[in-house]
Protein chains: 2
Amino acid sequence: MGRWQPDSQGRLQEAALALYSERGFDQTTAAQIAARAGLTERTFFRHFADKREVLFGGSALLKERIVAGVAGAPAGDGPLAAVARGLDAAAAMMGEFRRDLSRQRQAVIVANPELRERELAKLADYAVAVADALRQRGVGEAQATLAAEAGMTVLRLAVQRWAGGDDDQDLSTIMRDSVADLRAVAASG
Amino acid sequence: MGRWQPDSQGRLQEAALALYSERGFDQTTAAQIAARAGLTERTFFRHFADKREVLFGGSALLKERIVAGVAGAPAGDGPLAAVARGLDAAAAMMGEFRRDLSRQRQAVIVANPELRERELAKLADYAVAVADALRQRGVGEAQATLAAEAGMTVLRLAVQRWAGGDDDQDLSTIMRDSVADLRAVAASG
DNA sequence: CACGCTGATGTCAGTGACTGCTATCAGCGT
DNA sequence: ACGCTGATAGCAGTCACTGACATCAGCGTG
């Protein structure tokens with residue numbers, strides 16, 4: 001066997017989620033997380049840029065999936081329809097994940113302003129990538145950005161309802177409904 | 001005259017903007033800002049919760065204006081039209097401000113991820129308040145949130161173009177165009 | 001098998017954001 | 001004259017985060 005326990009990153013993520021849940025984000029130090037994972041504080045910061053980032057491990061992968069969904073949308077799809085394909089991809093990926101973990105993670109995030117801030121930043125980052133994908137489909141600059149941003153807003157609100165709500169509604173269903181609401185809002189005036 | 005120089009907050013804000021512009025956000029310490037304002041670091045943190053917040057002084061007032069604009073929209077306005085009234089109010093308020101200062105401030109913000117994060121958080125906060133105002137106008141839960149969030153996205157992108165662009169286009173004009181684009185995106189598919 | 005290279009980790013010292021507590025002291029009312 | 005208040009200074013402490021250097025199992029190479 002190796003010199004060290006395997007999957008340091010994963011252990012740090014688990015330890016962080018557990019401690020943030022138990023004692024709260026503010027009351028948890030990076031050293032405590034590292035200790036729980038059998039590592040040192042220094043190693044924590046080699047794996048994650050800061051204390052918040054440890055909760056957003058799958059972020060890069062999710063972004064890829066969303067962008068792939070948008071880029072792979074049928075040529076006939078309008079901007080918002082293409083974005084909806086990306087949202088389907090996101091729903092599919094998050095559906096694979098254990099629901100209880102998503103719920104726990106989301107609870108920690110909503111409970112802390114700094115973490116909410118980071119979540120918004122992640123979504124804004126996705127939006128930039130999605131807008132780029134839309135532009136490559138020939139969508140105009142302004143509309144690409146707006147469609148992408150609106151889509152990421154839908155994603156955020158849908159995940160909030162999905163992870164925070166008591167109903168067992170399907171994530172992709174919630175998203176589809178939200179996109180429909182968005183269209184209705186824009187149409188109604 | 002008083003025991004201290006007047007308007008400590010204002011002096012701190014000016015000093016911070018100047019230093020963030022000159023040396024960058026990361027390369028500026030709170031102590032340096034305070035010193036430039038003739039105060040101590042401790043006093044800086046009595047006025048502002050953290051190093052970022054000093055750039056968002058007018059935030060609460062802007063939020064009030066936007067919400068008032070939404071709440072004061074004619075009864076016949078749909079959700080998005082009402083939000084557009086709030087954006088007009090925002091444009092009016094920012095128009096009073098010196099354009100060069102807005103531009104300088106925006107340049108500092110876009111240059112730093114932490115500050116961009118904070119800007120997003122502020123806008124999300126506005127969105128919650130705007131959604132609340134919409135609900136009081138009888139707009140449904142989901143549509144209120146979506147319209148509010150979309151509106152704040154328009155505000156952010158418009159300010160970016162206004163402060164960052166070379167053209168002298170009117171802020172309220174940019175916003176109106178963006179709202180039109182948003183409607184077009186939702187309608188087109 | 002000896003040797004050196006690599007990568008993940010540990011150790012340590014340092015900076016700076018932010019906080020809690022205590023001390024000052026002009027202005028102001030009584 | 002006297003005490004109260006509010007804005008500030010001063011100081012000590014915690015903790016997030018960083019840079020520099022040390023360690024050492026595993027692995028390839030000769």
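Every value quoted in this text rests on a predicted model; they were computed, and no experiment measured them. Chain A is the first sequence line, chain B the second, and so forth, proteins listed ahead of strands; every chain is numbered from 1.
- The distance from atom CZ of B:Arg23 to atom C1' of C:dG16 is 14 Å, rounded to the nearest whole Å.
- In this structure, the nucleotide among C:dG10, D:dA16, D:dT8 sitting nearest to the side chain of A:Phe45 is D:dA16.
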Working note: A:Arg176 + A:Asp88, criterion side chain to side chain contact (heavy atoms under 4.5 Å, CB included); need CA distance, chi angles, decisive distance, verdict. CA-CA 8 Å; A:Arg176 271 191 250 270; A:Asp88 280 341; 3.3 Å; yes
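- Side-chain atoms of A:Arg46 and base atoms of C:dG7 include no donor and acceptor less than 3.5 Å apart.
- The phosphate of D:dC15 (OP1 or OP2) has no side-chain N or O of A:Thr29 nearer than 4.0 angstrom.
- With A:Thr145 contributing its side chain and A:Glu141 its backbone, the two residues share a donor-acceptor pair below 3.5 Å.
- Residue A:Thr40 has a polar side-chain atom (N or O) positioned under 4.0 Å from OP1 or OP2 of C:dG10.
- Regarding contacts with the backbone of D:dA7, every side-chain N or O of B:Ser8 stays at 4.0 angstrom or more from both OP1 and OP2.
- Among the nucleotides D:dC17, C:dC18, C:dT9, the one closest to the side chain of A:Trp4 is C:dT9.
- In this structure, A:Arg65 contributes its side chain and A:Gly86 its backbone to no donor-acceptor pair below 3.5 Å.
- A:Glu53 has its CD atom 15 Å from the C1' atom of D:dA16, to the nearest Å.
- At the phosphate of C:dG10, OP1 or OP2 sits under 4.0 Å from a side-chain N or O atom of A:Thr43.
- With D:dG10, C:dA17, D:dA16 as the candidates, the nucleotide lying closest to the side chain of B:Arg42 is D:dG10.
- Counting non-hydrogen atoms of neighbouring residues, nucleotides and ligands closer than 6.0 angstrom, the CD atom of B:Glu22 exceeds 12 such neighbours.
- What separates CD of A:Gln5 from C1' of C:dG7 is a distance of 17 Å, to the nearest Å.
- For A:His47 and C:dT9, the shortest distance from a side-chain N or O to OP1 or OP2 is below 4.0 Å.
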